[in-house]
Number of protein chains: 2
Amino acid sequence: MAQKKKKATSDRILNAAERLFAQHGFDGVTMRQIMRAAGADVALAYYHFKSKRDLFDAVMLRRVEVVNEMRLQALERVERSHDKDDPATVEEIIAAFVHPLLDQLARNQEEWRHYYALIAQINNSPEFGGAVMTKYFDPLVRRFIQALRRAMPDSDPADIFWGYQFLSGALTLTFAETGRLDNLSEGLCRSDDMDAANARMPAFIAAGFRALCMPKPKLAQLKAKPKKK
Amino acid sequence: MAQKKKKATSDRILNAAERLFAQHGFDGVTMRQIMRAAGADVALAYYHFKSKRDLFDAVMLRRVEVVNEMRLQALERVERSHDKDDPATVEEIIAAFVHPLLDQLARNQEEWRHYYALIAQINNSPEFGGAVMTKYFDPLVRRFIQALRRAMPDSDPADIFWGYQFLSGALTLTFAETGRLDNLSEGLCRSDDMDAANARMPAFIAAGFRALCMPKPKLAQLKAKPKKK
DNA sequence: AAATAATTTCAACGATCGTTGAAATGTGTT
DNA sequence: AACACATTTCAACGATCGTTGAAATTATTT
């Protein structure tokens with residue numbers, strides 16, 4: 001019973017912290033605001049987690065393994081349905097990278113929403129972006145980049161890394177749900193319409209990768225006279 | 001002389017604020033840190049600007065007109081070199097949108113760097129993203145979207161707006177210069193290599209737009225039987 | 001039931017926050 | 001020279017920050 005109670009309280013703290021960190025950033029929120037939202041005394045935050053920074057890390061850690069596992073399985077599912085003679089397409093790989101996230105957002109309205117918005121802020125923060133994203137996501141991202149390299153065998157590795165940079169930016173801005181798309185399109189599009197993002201992103205990004213890594217002159221060249229490689 | 005002196009001080013404040021806001025976010029910086037970096041008394045910040053928030057707005061405003069004017073001229077230059085029978089290509093339009101910014105970054109090492117990093121954070125912030133970006137950039141962005149619509153006449157407007165969302169995310173993450181690309185590529189790519197970004201982004205984004213707005217079945221259809229337009 | 005451990009409450013610490021009024025200094029005009 | 005005005009310095013305001021020790025309460029084990 002103690003276990004269950006503890007779980008309940010520390011989860012309420014994590015939920016409140018997640019939401020407020022996502023909305024206002026790490027420094028834009030106070031411990032007292034978080035604990036007021038969690039309905040508990042301020043000191044409890046320091047009992048369950050030991051500092052503001054550690055609470056932040058706990059917020060990040062709680063969901064990162066779940067989402068990375070989902071994406072890894074999506075990638076493996078794609079890879080199992082292909083072999084060396086029939087490699088996976090770029091679209092399929094990108095879809096495995098983004099669908100699990102956007103699907104979850106489209107279905108599960110409030111649960112994960114704030115977490116992804118937090119990721120969006122972190123990814124674009126000079127303070128946290130490099131270190132935090134690298135720490136939590138690089139192993140998985142490297143696997144996707146390997147897959148992309150297999151799908152575009154004669155590509156320059158640097159092109160793939162830059163393509164991933166563009167993909168990462170496009171994906172996280174979509175997570176941010178800032179409402180800007182609503183303003184810009186005067187209501188035609190909604191920032192929180194993840195089905196719309198889901199339907200468009202793989203096609204957009206895959207075409208970008210192909211244009212970058214397999215430009216037409218190179219493609220024609222490869223078809224015409226197979227070079228050394 | 002008073003004018004010049006005033007300019008000098010308030011510019012030093014703006015520079016310090018710009019750099020620190022970009023590095024740590026609005027709430028991650030104190031007035032005292034800013035004024036220490038500017039080498040002036042704290043109270044001077046409230047004399048020249050009247051609050052922290054107003055200082056932030058002044059930081060945003062100082063450069064936004066310059067960069068928007070540059071991009072507008074780049075777009076008009078592209079449009080002047082085309083006419084109705086020979087419309088501008090998507091690549092040219094995207095290049096006019098991103099080149100002025102990245103060019104400036106590639107040339108002018110420190111001057112504009114922090115400003116763009118700040119934009120990257122703002123764009124992905126639920127708190128500021130919607131309102132601030134809309135306020136400063138929407139008029140220009142609407143012009144670019146008009147141009148894109150002319151370049152892809154039979155496209156669904158929603159596709160163009162979403163394409164712009166992806167473009168915006170890719171561009172601003174590149175501004176953020178978080179160093180993540182360096183970690184991920186183990187030194188092969190550098191986050192601050194704006195020439196590399198410059199060379200790749202228009203091709204990537206333009207291909208994305210085309211795949212989204214003019215998918216192949218539609219393209220084939222257009223070529224086969226020229227419709228009303 | 002007694003004892004031990006886990007959780008929660010309460011009150012407070014020093015430090016620092018954004019902001020301000022008033023005095024001091026500098027600058028340009030008569 | 002005296003003046004008005006812009007700029008800068010200095011010291012401080014109340015509020016709030018992250019954090020903590022110790023007491024009070026609740027749950028678990030003996």
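Chain naming here is simple, since letters A, B, ... match the order of the sequence lines and numbering starts at 1 in each.
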Item to check | salt bridge (Lys or Arg N to Asp or Glu O under 4.0 Å) partners of Glu177(A), counting only residues at least two apart | outcome: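 Expected list: Arg113(A).
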
Checklist entry - Among all residues two or more places apart in sequence or in another chain, which pass the salt bridge (Lys or Arg N to Asp or Glu O under 4.0 Å) test with Arg63(A)? => result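 Arg63(A): salt bridge (Lys or Arg N to Asp or Glu O under 4.0 Å) contacts with Glu18(A).
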
Item to check | Residues in contact with DNA chain C, drawn from residues 21-31 of chain B - heavy-atom cutoff 4.0 Å | outcome: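 Here the set is Val29(B), Thr30(B), Met31(B).
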
Next on the checklist: Give the residues of residues 32-41 of chain B touching DNA chain C, defined as any heavy atom closer than 4.0 Å, sorted by residue number.
Outcome noted: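 Output list: Arg32(B).
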
Checklist entry - What integer distance in Å separates His48(A):NE2 from dT19(D):P? => result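 Rounding to the nearest Å, NE2 of His48(A) and P of dT19(D) are 16 Å apart.
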
Applying side chain to side chain contact (heavy atoms under 4.5 Å, CB included), can you list everything that pairs with [X], at least two apart in sequence or on another chain?
X	result
Ala158(B)	Leu188(A), Cys189(A), Arg200(A), Asp156(B)
Ala88(A)	Val78(A), His82(A), Glu92(A), Ile93(A)
Ala58(A)	Leu14(A), Phe49(A)

Item to check | Among dT8(C), dT8(D), dT20(D), the one nearest Tyr46(A) by side-chain distance | outcome: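 Given the options dT8(C), dT8(D), dT20(D), the side chain of Tyr46(A) is closest to dT20(D).
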
Item to check | Residue Leu44(A), side-chain atoms from C-beta onward, closest of dT9(C), dT19(C), dT8(D) | outcome: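 So the side chain of Leu44(A) is nearest to dT9(C).
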
Extract all donor-acceptor atom pairs below 3.5 Å that involve side chains of residues 121-132 of chain A and protein atoms in other chains or at least two apart in sequence.
{"from": "Asn123(A)", "atom 1": "ND2", "to": "Ser168(A)", "atom 2": "OG", "distance (Å)": "3.0"}
{"from": "Asn123(A)", "atom 1": "ND2", "to": "Thr172(A)", "atom 2": "OG1", "distance (Å)": "3.3"}
{"from": "Asn124(A)", "atom 1": "OD1", "to": "Asn124(B)", "atom 2": "ND2", "distance (Å)": "3.3"}
{"from": "Asn124(A)", "atom 1": "ND2", "to": "Asn124(B)", "atom 2": "OD1", "distance (Å)": "3.3"}
{"from": "Ser125(A)", "atom 1": "OG", "to": "Glu127(A)", "atom 2": "N", "distance (Å)": "3.1"}
{"from": "Ser125(A)", "atom 1": "OG", "to": "Phe128(A)", "atom 2": "N", "distance (Å)": "2.9"}
{"from": "Glu127(A)", "atom 1": "OE2", "to": "His24(B)", "atom 2": "ND1", "distance (Å)": "3.1"}

Item to check | Test side chain to side chain donor-acceptor pair (under 3.5 Å) applied to Gln23(A) - qualifying residues, sequence neighbours left out | outcome: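 Counting only residues at least two positions away or on another chain, Gln23(A) forms no side chain to side chain donor-acceptor pair (under 3.5 Å).
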
Next on the checklist: Listing request: all salt bridge (Lys or Arg N to Asp or Glu O under 4.0 Å) pairs with a residue in residues 50-61 of chain B, at least two apart in sequence or in separate chains.
Outcome noted: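 Salt bridge (Lys or Arg N to Asp or Glu O under 4.0 Å) check on residues 50-61 of chain B returns Lys50(B)-Asp54(B), Arg53(B)-Asp57(B).
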
Checklist entry - Should Phe26(A) and Asp27(B) be marked as a side chain to side chain contact (heavy atoms under 4.5 Å, CB included) after you check the CA-CA gap, both sets of side-chain angles, and the distance that decides it? => result CA-CA 8 Å; Phe26(A) 180 78; Asp27(B) 294 300; over 6 Å; no

Item to check | Listed once per pair and sorted, the side-chain hydrogen bond (donor to acceptor under 3.5 Å, both in side chains) pairs that draw on residues 129-145 of chain B, sequence neighbours left out | outcome: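 Output for this query lists Arg180(A)-Asp138(B), Asn183(A)-Thr134(B), Glu79(B)-Arg143(B).
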
Please list, for nucleotides 21-24 of chain D, all pairs of protein and nucleotide N/O atoms separated by less than 3.5 Å.
none

